[in-house]
There are 2 protein chains.
Amino acid sequence: MNAKIKQYLSFIVEIDKVKSIFRKSRLFDRSRFENDAEHSWTICVMAVLFSEFAKERFNLERVLLMLLLHDVVEVDAGDTFLYAPERSGAAERERAAAERIFGLLDPPLRDLFRGAWEEFEARETPEARYAAVFDRLEPVYQNYLNEGSTWKEHGITYDMVVGANRHMAEGAPEIWAFVLELLEDAVNRGFLSR
Amino acid sequence: MNAKIKQYLSFIVEIDKVKSIFRKSRLFDRSRFENDAEHSWTICVMAVLFSEFAKERFNLERVLLMLLLHDVVEVDAGDTFLYAPERSGAAERERAAAERIFGLLDPPLRDLFRGAWEEFEARETPEARYAAVFDRLEPVYQNYLNEGSTWKEHGITYDMVVGANRHMAEGAPEIWAFVLELLEDAVNRGFLSR
């Protein structure tokens with residue numbers, strides 16, 4: 001049997017574990033928590049859909065690669081809540097996970113995948129700044145539609161949401177402006193505390 | 001509020017329903033059935049990973065667009081088992097679904113998304129032939145690792161699997177050769193009946 005195909009399938013089986021990594025936010029219909037694979041699919045579609053709102057010209061293929069892979073490190077590191085105090089420790093765990101998981105592949109794929117993950121994390125390219133918008137837009141909108149369920153459960157305030165997500169403006173300023181209006185509305189409706 | 005952003009988010013909420021559309025195949029770890037969003041994410045990663053096996057040169061961005069969107073019609077049409085006798089009726093239902101769901105968007109996005117879906121279905125371009133490989137490779141490998149669970153539950157035979165999937169050879173001949181070896185092995189191990 002073709003050894004490369006077997007190796008690639010082993011990688012796929014390994015990263016498939018993200019389907020059992022549940023996030024802190026619920027689906028838009030509030031029926032249950034979302035897993036990392038579902039989240040990644042949604043934000044890939046968003047990145048295509050919202051292209052006209054990107055602040056800078058960008059390569060869509062690169063954006064999609066980053067969004068497809070950005071959460072596979074959670075197979076080892078688990079999901080860390082955006083507002084959790086232990087996020088600095090999470091960065092270390094995620095780096096070790098990237099080393100191990102992308103290390104299941106050989107160059108050049110190992111470097112392509114690892115590079116896409118690093119680029120997304122560093123947020124220093126037009127593609128990474130644009131991709132980051134959707135990693136944040138989805139949970140904000142989920143929480144808005146779910147009447148602030150995750151925000152309420154974890155005592156998240158308006159200032160915390162703005163502080164943790166304001167970099168969205170660097171990728172898509174009009175989307176960030178929309179989010180600010182949404183958050184105002186969430187406060188007015190009692191979904192989010194000031 | 002920005003009306004376009006609202007429209008795009010409404011589209012995202014609508015297609016999010018695929019997260020409750022369950023396929024006939026289980027996750028690689030056999031823990032539960034897979035939903036359409038999870039399936040779409042996996043086959044997007046596969047399409048990046050297996051690039052070197054494509055029979056023809058292809059545009060990866062187009063392949064990813066097709067794979068991201070190929071199953072959203074199931075929001076209306078439901079999942080139709082590959083080996084189900086009612087598949088011809090399913091094609092009609094899926095066409096109506098494409099009309100409605102992509103019609104939630106305006107041109108040019110409506111036409112871009114609808115066009116990608118049509119192209120995937122028609123399987124007449126290098127991108128569609130390559131994309132189709134992964135829509136089929138994933139469930140075959142899931143069933144192989146799950147000791148043929150779906151095949152056994154539905155009385156699927158070796159000839160049925162070969163007949164329904166042989167077009168994989170048009171997109172990636174070496175992957176099809178691998179699948180044939182896998183199916184032989186599945187027969188030998190008693191996962192699939194001859």
Quick one: what part of [X] sits under 4.5 Å from any heavy atom of chain B, side chain, backbone, both or neither?
X       : value
K6(A)   : both
I15(A)  : both
Y141(A) : side chain
L68(A)  : both
N35(A)  : side chain
R32(A)  : side chain

Worksheet entry | Minimum side-chain heavy-atom gap E38(B)-W41(A) below 4.5 Å | no
How many angstroms lie between atom [atom1] of [X] and atom [atom2] of [Y], to the nearest 0.5 angstrom?
X       : Y       : atom1 : atom2 : value
L64(A)  : L60(B)  : CG    : CG    : 8.0 Å
L65(B)  : E61(A)  : CG    : CD    : 12.5 Å
L137(A) : Y8(B)   : CG    : OH    : 13.5 Å
S31(A)  : D16(B)  : OG    : CG    : 8.5 Å
M1(B)   : L180(A) : CE    : CG    : 10.0 Å

Worksheet item: In terms of heavy-atom pairs under 4.5 Å with chain B, which of V13(A), L9(A), D29(A) leads?
Response: L9(A)
Sorted by number, residues from [range] in contact with chain A (heavy atoms, under 4.5 Å):
range                       : result
residues 45-53 of chain B   : V45(B), M46(B), V48(B), L49(B), F50(B), E52(B), F53(B)
residues 149-167 of chain B : none
residues 109-122 of chain B : L109(B), L112(B), F113(B)

Worksheet entry | Between T42(A) and K19(B): side-chain donor-acceptor atoms closer than 3.5 Å | yes
Discussion item. So if I take each residue of residues 181-193 of chain A and look for any heavy atom under 4.5 Å from a heavy atom in chain B, which residues do I end up with?
Written reply: E181(A), L182(A)
Linking I/L/V/M/F/W/Y whenever their side-chain heavy atoms sit closer than 4.5 Å, directly or via other members, would [X] and [Y] fall into one cluster?
X      : Y      : value
V18(A) : F81(A) : yes
L27(B) : F22(A) : no
V75(B) : L69(B) : yes

Worksheet item: What do you reckon, is CZ of R57(B) surrounded by more than 12 foreign heavy atoms closer than 6.0 Å?
Response: no
Practice prompt. Could you look at E34(B) and say if it's the side chain, the backbone, both or neither that has a heavy atom under 4.5 Å from chain A?
Written response: side chain
